[in-house]
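To find a chain, count down the sequence lines: A is the first, B the second, and so on, and within it residues start at 1. Atoms considered below: every heavy atom in the structure, side chains included; atoms not considered: hydrogens, waters and symmetry mates.
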2 protein chains.
Amino acid sequence: MKVTIKDIAEKANVSVATVSRVVNNKSKGVGEETRKRILELIKEYDFQPSAVARGLVTKKSKIIGLIIPDLTNPFYPKMTKGIEDVAHEHGYNIILCDGNNSKEKEAAYLDFLNEHYVCGIIYNNFHNISDTILNKILKSSLPLVFIDSKPEIKGCKCVYLDNQRAMYEVIEHLLLNGHRKIGFITGPMDSYSTNERYKGYINALNDYDIPFDSNLVVKGDYVMKDGYYAMERLYNQTKNFTAIACCNDLMAIGAIEKLEEMGIKVPEDISVVGFDDIDIARLVRPKLTTVAQPIHEMGRVAANMIIDIIEGKGSKVKDDVIFEPNLVVRDSVKKNN
Amino acid sequence: MKVTIKDIAEKANVSVATVSRVVNNKSKGVGEETRKRILELIKEYDFQPSAVARGLVTKKSKIIGLIIPDLTNPFYPKMTKGIEDVAHEHGYNIILCDGNNSKEKEAAYLDFLNEHYVCGIIYNNFHNISDTILNKILKSSLPLVFIDSKPEIKGCKCVYLDNQRAMYEVIEHLLLNGHRKIGFITGPMDSYSTNERYKGYINALNDYDIPFDSNLVVKGDYVMKDGYYAMERLYNQTKNFTAIACCNDLMAIGAIEKLEEMGIKVPEDISVVGFDDIDIARLVRPKLTTVAQPIHEMGRVAANMIIDIIEGKGSKVKDDVIFEPNLVVRDSVKKNN
DNA sequence: TTGAAAGCGCTACCAA
DNA sequence: TTGGTAGCGCTTTCAA
């Protein structure tokens with residue numbers, strides 16, 4: 001049987017109110033003598049206050065909900081670590097929800113978190129915010145910070161990378177290395193970051209007077225296998241390219257796998273660039289040229305934001321925190337000039 | 001303002017008890033007419049019952065706590081996915097706690113979970129169970145399943161790999177390929193799996209009449225960086241080896257990185273074997289020979305076990321479920337004979 | 001079929 | 001400095 005505050009109160013011959021006071025470290029209102037006695041009892045009986053009962057009264061908790069698209073993409077664990085680090089520094093815990101790349105599951109998790117008195121949500125939505133989800137968000141008065149995306153909700157707090165510029169730099173890098181026909185493997189087209197990256201691709205092409213060719217663009221899904229199949233589809237559509245930019249590293253690696261299987265050498269025959277700079281990027285051969293996101297730091301910032309909002313310091317929190325990309329040049333791009 | 005069961009009851013002109021009945025799908029005790037009306041109101045006002053209040057009464061929840069050592073080791077996300085899959089099929093949610101390779105944090109999480117009425121815990125302890133933690137476990141009456149370890153607690157439920165045999169097969173493979181001086185990079189020596197793997201190493205050596213040389217054994221910590229430094233230390237101790245077995249893939253990859261940096265070729269000069277068969281293993285060059293754990297399946301089994309226990313079918317749950325390893329031969333071992 | 005009411009473990013307010 | 005107590009939102013038992 002679990003020991004409750006009432007048990008401790010009885011043993012100590014005081015009221016539950018008094019025990020509550022020492023449990024919550026209210027400095028005043030408890031005599032030194034009494035406090036000591038209660039503290040001892042708490043230790044002796046290993047009393048742990050029920051967070052549930054407490055939550056029912058206070059409507060608060062020290063739990064932050066975190067929704068991410070896919071745990072098995074190393075990008076997200078890294079982000080999660082950043083969030084967890086500062087959360088812990090401030091005494092908060094994280095409940096991690098893996099949306100499994102599914103809109104429905106994300107929505108279900110949103111409900112779940114709302115039912116459980118988390119004190120805030122950090123939301124890394126994979127797809128654009130659907131009406132269902134938007135509705136849930138607007139209805140809920142929970143503090144909310146978006147990470148790795150910028151939904152079109154006025155006044156919402158977001159931390160994200162300048163994705164457009166990032167992809168622009170990738171394409172520019174390819175261009176400057178003499179590539180003219182550049183394939184592009186996207187993410188899901190209804191995702192914010194994919195769209196931004198796509199714009200970066202288009203803009204760079206425009207700025208360098210390269211005609212856009214829709215045959216060079218093929219849709220992917222951010223997982224490795226999909227990079228493999230996207231590569232296959234691209235190759236069936238056209239063989240007229242010397243480089244491919246991918247919307248993430250996982251797909252780039254999948255694409256390279258396919259290319260190798262077809263006897264095509266990277267980067268000698270085809271150059272490939274990734275996105276994210278996950279650990280694997282520097283471990284595969286050729287080492288993957290990619291663009292790094294300061295993802296751990298982004299996690300830290302998001303966590304600080306949500307905690308500020310939770311603790312009533314929301315006014316000093318900026319709406320948008322935008323991070324700059326960092327092109328990491330390795331060995332998967334050939335100099336063509 | 002959040003709408004409560006009381007609000008719905010008022011709008012529907014019934015008692016909260018009746019609303020509660022329809023919310024909980026109690027088939028009998030509510031008139032068809034009433035039920036319909038309430039259901040509509042619930043939809044209209046988007047009523048979500050408070051899991052917290054409910055938990056306070058029932059002392060149950062649909063949340064399973066999961067403690068893992070380190071999210072950034074791809075092994076654990078994979079396991080987590082397996083667990084989550086089954087959990088979701090049964091209407092349970094996972095609250096994921098990343099112990100960050102720290103005993104203290106694990107202990108803190110154990111407390112955290114106990115305070116929050118999770119209905120069960122799946123625990124992947126990194127280090128051996130300390131007395132503090134053992135105490136917490138014994139005191140708590142929560143259903144508990146250990147995964148990826150077998151603590152010495154009588155009657156505890158565990159699912160794990162036959163680690164000893166797995167490493168035996170690794171060493172045997174090396175031996176059969178003509179290696180006689182085999183280095184060994186361990187995990188933390190107070191971890192169950194490390195110890196078992198170490199025994200496997202020793203046993204194989206014995207069975208093949210290879211003298212044990214303590215200079216060939218060096219301690220690691222299961223992270224990539226540590227493989228790198230372990231390799232360095234090993235090399236400083238002795239240069240008299242042709243192969244190295246590592247207690248996980250991450251360290252194997254770190255070790256290879258160090259070897260390459262020193263101008264030593266894998267596998268031509270030194271052979272390296274990993275453990276776990278995470279995705280990266282087949283992506284690095286040379287492709288890593290390693291031993292696969294059916295980790296997703298292990299997660300599924302653990303989840304099924306805990307749910308069975310939670311739902312009172314604990315008697316049909318076996319104490320131990322042991323999985324067999326699967327040696328995956330790739331390109332990181334040289335034939336020396 | 002329905003309602004009234006107790007009570008889950010705690011916090012917070014008011015009174016002593 | 002302390003205690004009494006209402007009430008958080010729900011489930012559950014008993015009675016109607």
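You'll find that the side chain of B:Thr4 is closest to D:dC10, out of C:dG9, C:dT11, D:dC10. Which of C:dC8, D:dG9, D:dC8 sits closest to the side chain of B:Ser50 comes down to D:dG9. Of all nucleotides listed (C:dC10, D:dC10, D:dC8), C:dC10 comes nearest to the side chain of A:Ala53. With C:dT2, C:dG9, C:dA12 as the choices, the nucleotide that has an atom nearest any side-chain atom of A:Ile5 turns out to be C:dG9. Ranking D:dC10, C:dT11, D:dT1 by closeness to the A:Thr34 side chain, first place goes to D:dT1.
Residue B:Ser15 has no polar side-chain atom (N or O) positioned under 4.0 Å from OP1 or OP2 of C:dA4. When the side-chain nitrogen and oxygen atoms of B:Thr18 are compared with OP1 and OP2 of C:dG3, one or more of them lie within a distance under 4.0 Å. A close approach under 4.0 Å does not occur between any side-chain nitrogen or oxygen of B:Lys2 and OP1 or OP2 of D:dG9. In this structure, A:Lys26 reaches the C:dA12 phosphate: one of its side-chain N or O atoms is under 4.0 Å from OP1 or OP2. For B:Lys6, no side-chain nitrogen or oxygen approaches OP1 or OP2 of D:dC8 to under 4.0 Å. Between B:Ser20 and D:dT11, a side-chain N or O to OP1/OP2 separation shorter than 4.0 Å is present.
In this structure, B:Asn13 reaches the sugar-phosphate backbone alone: every heavy-atom distance under 4.0 Å involves primed, P, OP1 or OP2 atoms, never a base. B:Val52 comes within 4.0 angstrom of nothing in the nucleic acid, heavy atoms only. Within 4.0 Å (heavy atoms only), A:Val14 reaches sugar-phosphate atoms of the nucleic acid but no base atom.
Across the protein-nucleic acid pair, B:Tyr45 atom OH and D:dG9 atom C1' stand 19 Å apart, rounded to whole Å. The separation between A:His116 atom NE2 and D:dG9 atom P is 16 Å, rounded to whole Å. Taking atom CG of residue B:Asn24 and atom P of nucleotide D:dC10, one finds them 10 Å apart after rounding to whole Å. Taking atom NZ on A:Lys60 and atom P on C:dG9, their separation rounds to 23 Å, with Å as the unit. B:Glu10 places its CD atom 12 Å from the P atom of D:dG9, with the value rounded to the nearest Å. What separates CG of A:Asp7 from P of C:dC8 is a distance of 11 Å, to the nearest Å. One atom, CG of A:Leu56, and another, P of C:dA12, lie 12 Å apart when rounded to the nearest Å. Atom CZ in B:Arg35 sits about 9 Å away from atom P in C:dT1, given to the nearest Å.
Counted within 6.0 Å of NZ on B:Lys6, heavy atoms from surrounding residues, nucleotides or ligands total 12 or fewer; the atom is thus considered open. Shown here is A:Lys36, whose NZ atom has no more than 12 heavy atoms of other residues, nucleotides or ligands within 6.0 Å. Counted within 6.0 Å of NZ on A:Lys313, heavy atoms from surrounding residues, nucleotides or ligands total more than 12; the atom is thus considered enclosed. Within a 6.0 Å sphere centred on NZ of B:Lys60, other residues, nucleotides and ligands contribute 12 heavy atoms or fewer.
Between the side chain of B:Gln48 and the backbone N or O of A:Asn114, no donor-acceptor pair lies under 3.5 Å. A:Asp98 places a side-chain N or O within donor-acceptor distance of the main-chain N or O of A:Leu71, the cut-off being under 3.5 Å.
Taking a pair as Watson-Crick or G-U wobble with both distances under 3.5 Å, the runs of three or more consecutive pairs in DNA chain D are C:1-16 with D:1-16.
Salt-bridge formation is detected for the pair B:Glu89/B:Arg300: a Lys NZ or Arg NE/NH1/NH2 atom is positioned less than 4.0 Å from an Asp or Glu carboxylate oxygen. A:Asp70 has a carboxylate O that lies under 4.0 Å from a charged side-chain N of B:Lys81, or vice versa, which qualifies the two as a salt bridge.
Shown here are the ring-ring contact (aromatic ring centres under 6.0 Å, His included) partners of B:Tyr76, two or more places apart in sequence or in another chain: there are none.
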Any protein N or O atoms within reach of nucleotides 13-16 of chain D? Criterion: under 3.5 Å, listing atom names and distances.
none

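Relative orientation of the A:Phe112 and A:Tyr109 rings is perpendicular, given thresholds of 30° and 60° on the angle between their planes.
Judged purely by distance below 3.5 Å, without hydrogens or angles, the side chains of A:Tyr192 and A:Asp148 never pair a donor atom with an acceptor atom.
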